[in-house]
Amino acid sequence: MSRPERPVLVVIAHGSRDPRHAATVHALVRRVRAQRPGLRVETAFLDFNLPSVQGVLSSLAAEGIRDVVALPLLLTRAFHAKSDIPAVLRQAPSRLRIRQAEVLGPSPLLTAALERRLHEAGLTPADRSRTGVVLASAGSTDPEAIAVIAEIAREWRHTGWCAVRPAFASASLPRTEDAVRELRALGCERVAVAPYVLAPGFLPDRIARGAAGADVLADVLGPAPEVARVLLERYDEARVPTLAAIGA
């Protein structure tokens with residue numbers, strides 16, 4: 001008896017007018033494909049970029065695909081994950097069986113990706129105890145999302161940094177520049193800003209401007225190998241019920 005085909009992974013990104021955003025998303029998806037050869041991975045965007053989510057899902061249905069895992073390329077469960085994406089998926093062709101995967105964060109792998117970017121920006125293990133880190137995210141009006149960022153900062157602090165403070169580029173406070181000043185006032189010898197964002201764009205640029213007073217500014221998470229691994233973890237978690245439903 002042949003095994004059923006694995007569900008197609010559809011990575012759903014927000015989209016942006018900034019061309020760096022889509023380029024980074026595509027680079028991440030290429031890394032996901034490289035980490036799991038044979039898995040079909042499609043990219044779709046909620047806004048600004050093509051292909052659209054509806055377009056990708058309609059094309060898959062027209063091919064005869066039955067099972068899909070839709071994975072929000074988001075770091076926290078906020079409005080897009082709770083409302084926008086489910087609404088789009090409800091408009092998908094009825095022949096498709098779709099499971100929405102969980103958002104990427106929080107995950108120890110994402111913390112490892114943050115550390116990778118800080119090291120790439122010039123920090124060494126010897127700098128850890130004298131360096132304060134600003135965990136700079138895009139921001140949200142969703143209290144759950146804000147609480148998650150604060151908890152990540154608290155847990156990260158216990159790994160040996162001088163201090164870790166959350167900051168937000170929009171919707172919430174403090175801003176990146178305020179967190180940088182706070183870490184200086186605490187007596188941290190060095191201050192680093194670690195953007196907890198996936199791709200370049202308007203809000204990451206605001207984070208970068210707020211980091212002007214810091215010693216180190218790390219790059220966005222982008223196609224870090226740890227981020228690709230999180231995507232595959234979320235896919236695997238979501239596909240198990242899908243396979244059970246089709247008799248695997």
Side-chain angles (χ1 to χ4, degrees), residues 11-14 16 46 70-87 89 99-118 128 131-186 188 191-199 201-211 214 217-218 220-222 224 226-227 229-231 233-235 237-238:
V11 176
I12 302 177
H14 182 273
S16 172
L46 282 174
L71 193 154
L73 196 61
L74 301 167
L75 294 172
T76 58
R77 271 182 52 78
F79 182 78
H80 293 305
K82 294 177 179 179
S83 182
D84 281 356
I85 291 176
L89 296 181
R99 295 194 66 85
Q100 180 176 330
E102 289 296 330
V103 298
L104 304 186
S107 167
L109 285 169
L110 294 177
T111 304
L114 288 166
E115 301 245 357
R116 172 188 290 275
R117 295 304 189 221
L118 286 170
R128 200 177 192 90
T131 301
V133 179
V134 177
L135 179 68
S137 77
S140 174
T141 57
D142 189 304
E144 178 186 349
I146 298 303
V148 166
I149 300 299
E151 180 60 25
I152 293 169
R154 280 193 294 269
E155 291 184 2
W156 203 13
R157 163 67 182 86
H158 296 310
T159 64
W161 296 104
C162 173
V164 180
R165 292 290 185 272
F168 307 94
S170 68
S172 308
L173 295 173
R175 295 287 184 257
T176 302
E177 53 268 34
D178 299 326
V180 169
R181 284 193 291 268
E182 181 184 353
L183 291 172
R184 294 282 190 211
L186 282 174
C188 297
V191 175
V193 174
Y196 190 61
V197 293
L198 287 165
F202 176 75
L203 293 179
D205 283 349
R206 181 179 287 176
I207 290 172
R209 290 193 296 272
L217 170 63
V220 298
L221 296 175
E226 296 86 356
V227 179
R229 286 172 58 194
V230 176
L231 263 71
E233 282 189 357
R234 297 293 180 256
Y235 169 79
E237 292 163 0

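Keep in mind the model is a prediction, meaning the values are calculated, not measured.
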Taking only residues two or more places apart in sequence or in another chain, which ones pass side chain to side chain contact (heavy atoms under 4.5 Å, CB included) with A192?
-> L118, L123, T131, V216

Short question: side chain of R157, backbone of C162 - any donor-acceptor pair under 3.5 Å?
-> yes

How far apart are the closest heavy atoms of V191 and A214, and which atoms are they?
-> O-CB, 3.6 Å

Correct closest heavy-atom pair for S137 and F168 would be OG-CD2, 3.1 Å

Hey, is the main chain of V103 close enough, under 3.5 Å, to the side chain of R234 for a donor-acceptor pair?
-> yes

Under the 3.5 angstrom rule, does the side chain of R206 hit a backbone N or O of A169 as a donor-acceptor pair?
-> yes

Donor-acceptor pair, side chain of R99 and main chain of A238, under 3.5 angstrom | yes

Hey, can you pull the donor-acceptor pairs under 3.5 Å for the side chains in residues 140-153, sequence neighbours left out?
from: S140; atom 1: OG; to: D142; atom 2: N; distance (Å): 2.9
from: D142; atom 1: OD1; to: E144; atom 2: N; distance (Å): 2.8
from: D142; atom 1: OD1; to: A145; atom 2: N; distance (Å): 3.4
from: D142; atom 1: OD2; to: K82; atom 2: NZ; distance (Å): 2.9
from: E144; atom 1: OE1; to: K82; atom 2: NZ; distance (Å): 2.7
from: E151; atom 1: OE1; to: R154; atom 2: NE; distance (Å): 3.0
from: E151; atom 1: OE1; to: R154; atom 2: NH2; distance (Å): 2.7

Passes side chain to side chain contact (heavy atoms under 4.5 Å, CB included), R77 versus E102? Steps please.
-> CA-CA 8 Å; R77 271 182 52 78; E102 289 296 330; 3.6 Å; yes

Q100 side chain to A81 main-chain N or O, any donor-acceptor pair under 3.5 Å?
-> yes

Of all heavy-atom pairs between G210 and V180, which one has the smallest distance, and what is that distance?
-> O-CG2, 4.1 Å

Mind checking the CG-CG spacing from L198 to L73? Nearest 0.5 Å is all I need.
-> 5.0 Å

Atom pair CG (L109) and CG (L221), whose distance is rounded to the nearest 0.5 Å | 11.5 Å

Do the non-hydrogen side-chain atoms of L104 and L74 ever get within less than 4.5 Å of each other?
-> no

Minimum heavy-atom distance between P195 and L114, given as atom pair plus value = O-CD2, 3.7 Å

Closest non-hydrogen contact found for S83 with P86 is O-CD, 3.3 Å

Does the side chain of T111 reach to within under 4.5 Å of the side chain of E155, using non-hydrogen atoms?
-> no

Distance from I85 atom CD1 to L46 atom CG, nearest 0.5 Å?
-> 5.0 Å

Spacing of E177 atom CD and I207 atom CD1 [to the nearest 0.5 Å] | 10.5 Å

What closest approach, in Å, do W156 and R128 show between heavy atoms, and which atom pair accounts for it?
-> NE1-NH2, 4.2 Å

Do V193 and T176 pass the side chain to side chain contact (heavy atoms under 4.5 Å, CB included) test, and can you show the C-alpha distance, the side-chain angles, and the key distance before you say yes or no?
-> CA-CA 8 Å; V193 174; T176 302; 4.0 Å; yes

So CG of L183 and CG of D178: to nearest 0.5 Å the spacing works out to 11.0 Å

